[in-house]
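First comes the structure, then the notes that go with it.
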Amino acid sequence: MTQLSKRITNIPESATLAMTAKAREMREKGVDVISLSIGEPDFKTPKHIQQGAINAINEEKYFAYPPVNGYLDLRQAISEKFKRENNLEYSPDQIVVSNGAKQSIANVFMAILDPGDEVIVFTPYWVSYSAMILLAEGSPVFVNGSFENDFKVTAEQLEAAITSKTKAVIFSSPCNPTGSVFTNDELEKISGVLRQHPEIVIVADEIYEHINFSGKHVSIGALEGMQDRTVTVNGFSKGFAMTGWRVGYIGAPTWIAKASNKMQGQYTSGNCSISQRAALAALNGPLDATIEMTKAYRSRRQLVYDLLKEIPGFEVNMPEGAFYFFPNVKSYIGKSNNGITINSVGDLCMFLLEDAHVSLVTGEAFGDPDCLRLSYAASEDDLRTAIANMKESLAKLS
Ligand code: PMP
Ligand code: GLU
């Protein structure tokens, strides 16, 4: 009999991290694997941000526990950023800094969900949303955006999914894994539905806001009537190439911010002091490096789009943000090679890992078992080689 809790046995391992660990293992054995499985900028953290951390160490003032919700000057800078860039009004005491946006979202679900509470999850969704809702004993309700609508859920679909048990709605825009970006008009329509249900909390994950090729980022919290019920999630991992520093944050209604603070006060204490000083340097510094990185993602997007379009059986949308493609590859299901049959996209990803030495993630982990996710946060050379190898391996399947 297992001694583990139902809580932990009922959730899957994070598929993005599991696939990346597999690629790492193969590399350690000497196989030259190209990892397109994890959403991680391949750029270095900009120098002025590194310097923020170096200065903090040299000043010898930041070695003690920081405040649980983050240093006041960092929360002030985040509050100003929200105002300046997103037209959002969150005072510093409505901000909680955490160990990555991942912990920010986990805190919120732990803070607001009781058993049986439903959370509407726009699908395809970022892999960890469902597990986090389940860990908080809530029930995820998946609403599928169609391929034809760029995977975006419509206001009508949202309206049809709302029940008396709906506690929250979560989505990311720009979206991981599809790269889709909600327009102002689409968010207005979604807000129109939510205005009829003032008790529902909106969790808007905006971690890819800077990696947007379609124009200006729109925050749903800035639309009429939304501010007081929207938790805006953001962080430094993507826009500032700071995945390892682990800094994320929320701006939230005061009752949720206080509860998140209480949650992390029991679980982790405050976020790493030196990382917070680096994050402050990121907010106080110029966005030039972020803009340059986004330019590079834009040109890789075109490259990858052109290459993926040439693979038979791949149906590809042009993503408008983030750094992922989410092609529909269901035409490969049922095919085989050398006694190996592809029964699912998970099998296809394993085949591509072993045969093409490219790691990808099955769409099943994101709520769409017909697709796979490819991260193009990699060099152009690696992208060209990886896609050529994939094409060659896929041609063996019949
Ligand atoms: N939200 C989305 C949509 C993501 O892709 C990620 C992955 N980085 C996160 C949240 C969490 O980011 P982090 O914990 O690195 O800040
Ligand atoms: N968010 C990234 C991804 O989707 C990082 C991995 C993770 O945190 O799950 O690949």
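Quick note: residue numbers are just sequence positions, from 1. Whatever order the structure lists ligands and atoms in, that order sets their numbers, starting from 1.
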Less than 4.0 Å is my threshold; does some heavy atom of Gly235 fall inside it relative to ligand 1? no

Between ligand 1 and Ser237, can you find any atom pair, the residue atom being a heavy atom, that is separated by under 4.0 Å? yes

Which segment of [X] sits under 4.0 Å of ligand 2 when only heavy atoms are counted:
X	result
Glu40	neither
Tyr324	side chain
Thr20	neither

Working note: Tyr125 + Phe171, criterion ring pair (Phe, Tyr, Trp, His ring centres under 6.0 Å); need CA distance, chi angles, decisive distance, verdict. CA-CA 7 Å; Tyr125 58 87; Phe171 63 90; over 10 Å; no

For [X], is at least one N or O under 3.5 Å away from an N or O on ligand 1?
X	result
Lys102	yes
Ser172	no
Asn99	no
Ala101	yes
Asn176	yes
Thr243	no

Heavy-atom nearest neighbour in the protein, as seen from [atom], with distance rounded to 0.1 Å:
atom	value
atom 2 (C) of ligand 2	Lys238 NZ, 3.4 Å
atom 9 (C) of ligand 1	Trp126 CH2, 3.4 Å
atom 8 (O) of ligand 2	Lys102 NZ, 3.0 Å

Is it true that [X] and [Y] make a salt bridge, defined as a side-chain N closer than 4.0 Å to a carboxylate O?
X	Y	answer
Asp42	Arg300	yes
Glu209	Lys216	no
Asp117	Lys165	no
Glu80	Arg84	no
Lys167	Glu118	no
Lys152	Glu186	yes
Lys22	Glu25	no

Are the aromatic ring centres of Tyr249 and Phe82 under 6.0 angstrom apart? yes

Quick check on the 6.0 Å ring-centre criterion: do Tyr208 and Phe323 meet it? yes

Anything under 30° is parallel, anything over 60° is perpendicular, the rest tilted; go ahead and classify Tyr376 against Tyr297. perpendicular

Classify the ring geometry between Phe147 and Phe151 as parallel (under 30°), tilted (30 to 60°) or perpendicular (over 60°). perpendicular

Going only through I, L, V, M, F, W and Y residues with side-chain contacts under 4.5 Å, is there a path from Val119 to Ile105? yes

Is the contact between Tyr208 and ligand 1 made by the side chain, the backbone, both, or neither, using heavy atoms and a 4.0 Å cut-off? side chain

Please round to the nearest 0.5 Å and tell me the distance separating atom CD1 of Ile202 and atom CG of Leu223. 9.0 Å

Quick check on [X] - does any of its heavy atoms sit under 4.0 Å from an atom of ligand 2?
X	result
Arg373	yes
Met19	no
Ser14	yes

Option whose closest heavy atom lies nearest to atom 9 (O) of ligand 2, chosen from Thr16, Leu17, Thr243: Thr16

Within the 4.0 Å heavy-atom shell around [X], which atoms of ligand 1 are there?
X	answer
Arg246	13 (P), 14 (O), 15 (O)
Ile207	1 (N), 2 (C), 3 (C), 4 (C), 12 (O), 16 (O)
Lys238	7 (C), 8 (N)
Asp205	1 (N), 2 (C), 3 (C), 10 (C)

Is the shortest N/O to N/O distance between Trp126 and ligand 2 below 3.5 Å? yes

